[in-house]
Amino acid sequence: MFQKRRSFLKSLGLAGLGLTLTPGALQASPKQPANGQDFSPVTLSGRVQSGGKGVAGVAVTDGYNVVLTDAGGKYELQSNATADFVYLSTPRGYEFSNQNGITRFYKRIEASRRRFKADFELQKLTQDDTRHTFVVWADPQIISKEDAEELKTKSAPDLKQLVASYPSGTLFHGIGCGDLVWDKFELFEDYQQALAISGIPFFQVIGNHDMNLDARTDEGSTEKFKELFGPTYYSFNRGEVHYVVLDDVFFIGTAKKYIGYLTERQLAWLEQDLATVKPGSTVVVSLHIPAYTNQHTRNKEKEPSLGGVVSNRKELYRLLQPYKAHIMSGHTHFNEKVFEGDNIIEHVHGTVCGAWWTGPICYDGTPSGYGVYEVEGPELKWYYKSTGLPKDHQLRVYPVGALEERPQHLAANVWNWDPSWKIEWLEDGKPMGEMERITALDPLSVELHLGASKPSRHKWIEPHLTDHLFLAQPSATAKAITVQATDRFGQVYKVTSNLSELSLK
């Protein structure tokens, strides 16, 4: 009997809600709300086309279930009145429909409709998208018009200039990885203006500072975001890569309190979405709160905070197991790479705003900036782009004595480091081997964020421990030092300095 009820629920698009029918429930009026929500059935239908011809095999969803268009581009989906949108996973080979940089791949379902038709028009790309590039903007987090001006006059032009430095016609898209604003919804307009300046289409991720904080539950906390940007979780395709955006900020109904958590509704949807992707493919998942970081380990804490990582990340890892996966996250205001098994790399990004627009760096010494990912087929290569600085600016070298606990050593911060990098040093041109990696506070962050020089705007800002600092001890007669960093792709970055000229800046 239970299985029959489950099948009926599935036919209504309700199976993912975890509902159990009780006797008499089927006789209730379809317009009568249940516990304040209307679960009445809604039939969604339409056609996905390009140039007047239907596009087959396109994934269409209401956020509960996923269906594929037929040979003529048509779809029909049994949904329910709690669904906000019907939307598609843009297939490879097509442009990202957008308005001034804000991607539009969805239609809002009209309230009180029991049948809703939504057609989608796709524009075919004029070039192959197997090769393309994308950027991840984590935490623009603007709280004032002054912050917004920084975003519009520095960050957005920097990205525009970067795009222009690539060969003409290079396909670019962006991912705004949450905390687009800082609780000030009137500044969403400024954020959107910045995206328009950048000149590329952007997909948005909801962050903890993009939520309605007066909502009584998590469901209500996303209303403003949905009004401006559409669904909080969705997918799209470019070239051989399948992209997924998730909402992992679970608001617990009291001021500014949240946990990192993926709801059952999202996980059930994700399982269906990934079923359309061939095992072994590359999948890029973007979310705001990192699935995991090692911050608690650096701080010698027993476990991560509930608001700092995704509590039920193991299920996300399980769903990603058949794929080669990259997770893009922000939230932390530091830069880190996290490896889960042999198939998952998480890129925890330094922020566009640095330490909340108080200076040029994040907590850990990473410059204000963003991640850049160059895609060829299923493979990704990446680097970190510091705002206002050349793309080969990948490390900062500090003078001997800059680290109080190691006064006889010079230090280098290599913010995009991972275990596949090699960090070496030369003394007066002579190779001296690899540098020692330690966990410590970045000297410039100490200078800018501690003591008398602490920012007056946000006095709670302070340095955080990082594990991408490297040490070397020069001889008493040394005059010049070179730090050479070779990344996992064989790209070499060098900084050569006279010891007497090194400074914290």
Side-chain angles (χ1 to χ4, degrees), residues 136 138-139 177-179 207-208 248-250 258-262 285 287-318 320 325-351 354-355 361-367 371 382 384 395-396 398 403-406 409 411-423 434-446 449-450 460-471 485 487-488:
V136 177
D139 302 71
C177 212
D179 282 2
N208 51 289
D248 67 346
V249 183
F250 191 90
Y258 56 86
I259 62 173
Y261 180 77
L262 294 168
V285 178
L287 35 72
H288 179 61
I289 296 175
Y292 192 71
T293 83
N294 291 297
Q295 184 181 22
H296 66 289
T297 303
R298 293 190 289 273
N299 293 339
K300 294 182 168 48
E301 298 165 347
K302 289 185 177 180
E303 57 187 20
S305 67
L306 287 174
V309 301
V310 177
S311 295
N312 57 340
R313 60 188 172 276
K314 288 185 178 179
E315 183 60 18
L316 175 62
Y317 294 157
R318 185 188 72 79
L320 293 176
H326 295 265
I327 298 175
M328 308 292 166
S329 59
H331 187 56
T332 65
H333 295 251
F334 57 70
N335 212 64
E336 183 180 4
K337 296 289 184 287
V338 179
F339 296 81
E340 174 62 30
D342 296 328
N343 72 310
I344 300 175
I345 302 175
E346 178 159 12
H347 307 259
V348 184
H349 292 82
T351 58
I361 62 171
C362 303
Y363 277 143
D364 64 338
T366 299
W382 56 86
Y384 187 87
L395 64 153
R396 187 187 304 112
Y398 295 114
L403 241 60
E404 186 176 341
E405 61 268 43
R406 301 291 288 273
H409 292 72
N413 191 333
V414 187
W415 39 81
N416 217 30
W417 174 89
D418 69 51
S420 294
W421 285 55
K422 189 175 184 180
I423 314 300
E434 294 192 40
M435 298 177 72
E436 174 191 358
R437 184 169 69 94
I438 66 164
T439 297
L441 299 177
D442 174 80
L444 181 55
S445 185
V446 172
H449 304 144
L450 203 60
W460 39 265
I461 293 175
E462 60 184 18
H464 281 199
L465 291 169
T466 180
D467 59 7
H468 45 68
L469 283 174
F470 296 83
L471 299 182
D487 72 11
R488 61 167 43 232

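Every heavy atom of this structure was used, including side-chain atoms; hydrogens, water molecules and symmetry mates were not.
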| message | Assess whether a salt bridge exists between R313 and E346, defined as any Lys/Arg side-chain N lying under 4.0 Å from an Asp/Glu carboxylate O. | response | no

State, with a plain yes or no, whether a side-chain heavy atom of [X] is found less than 4.5 Å away from one of [Y].
X	Y	value
I327	Y292	no
P419	F339	yes
L465	L441	yes
D467	T297	no
F334	V348	yes
D418	R488	yes
L316	V310	no
S305	Q295	no

Quick one: [atom1] on [X] to [atom2] on [Y], what's the gap to the nearest 0.5 Å?
X	Y	atom1	atom2	answer
S329	H347	OG	NE2	9.0 Å
N416	E336	CG	CD	11.5 Å
N294	K337	CG	NZ	13.0 Å
H464	C362	NE2	SG	11.0 Å
W415	D442	CH2	CG	9.0 Å
I361	L444	CD1	CG	4.0 Å

| said: Using modelled atom types and a 3.5 Å cut-off, is there a donor and acceptor pairing between side-chain atoms of Y363 and backbone atoms of H449? | reply: no

| Would you say the side-chain atoms of N312 pair up with the backbone N or O of L262, donor to acceptor, closer than 3.5 Å? | yes

Which atom of [X] lies closest to which atom of [Y], heavy atoms considered:
X	Y	value
G354	H333	O-ND1, 2.9 Å
G308	P290	O-CD, 3.6 Å
L471	M435	O-CB, 3.3 Å
Y398	P443	CE1-CD, 3.4 Å
A485	I423	CB-CD1, 3.6 Å
G350	T366	CA-CG2, 4.3 Å

| Does the side chain of H468 pick up a donor-acceptor pair with the side chain of N413 at under 3.5 Å? | yes

| message | I'd like to know if the side chain of N335 pairs up with that of D364 as donor and acceptor (distance under 3.5 Å, no hydrogens or angles considered). | response | no

Just checking [X]: does its [atom1] atom have more than 12 heavy atoms from other residues, nucleotides or ligands closer to it than 6.0 angstrom?
X	atom1	result
E405	CD	yes
L306	CG	no
E301	CD	yes

| field | Partner of H331 by side-chain hydrogen bond (donor to acceptor under 3.5 Å, both in side chains), out of N208, D248, D139, D179 | value | N208

| task | Give the ring-plane orientation class for W382 versus H326, where under 30° counts as parallel, over 60° as perpendicular and anything between as tilted. | result | perpendicular

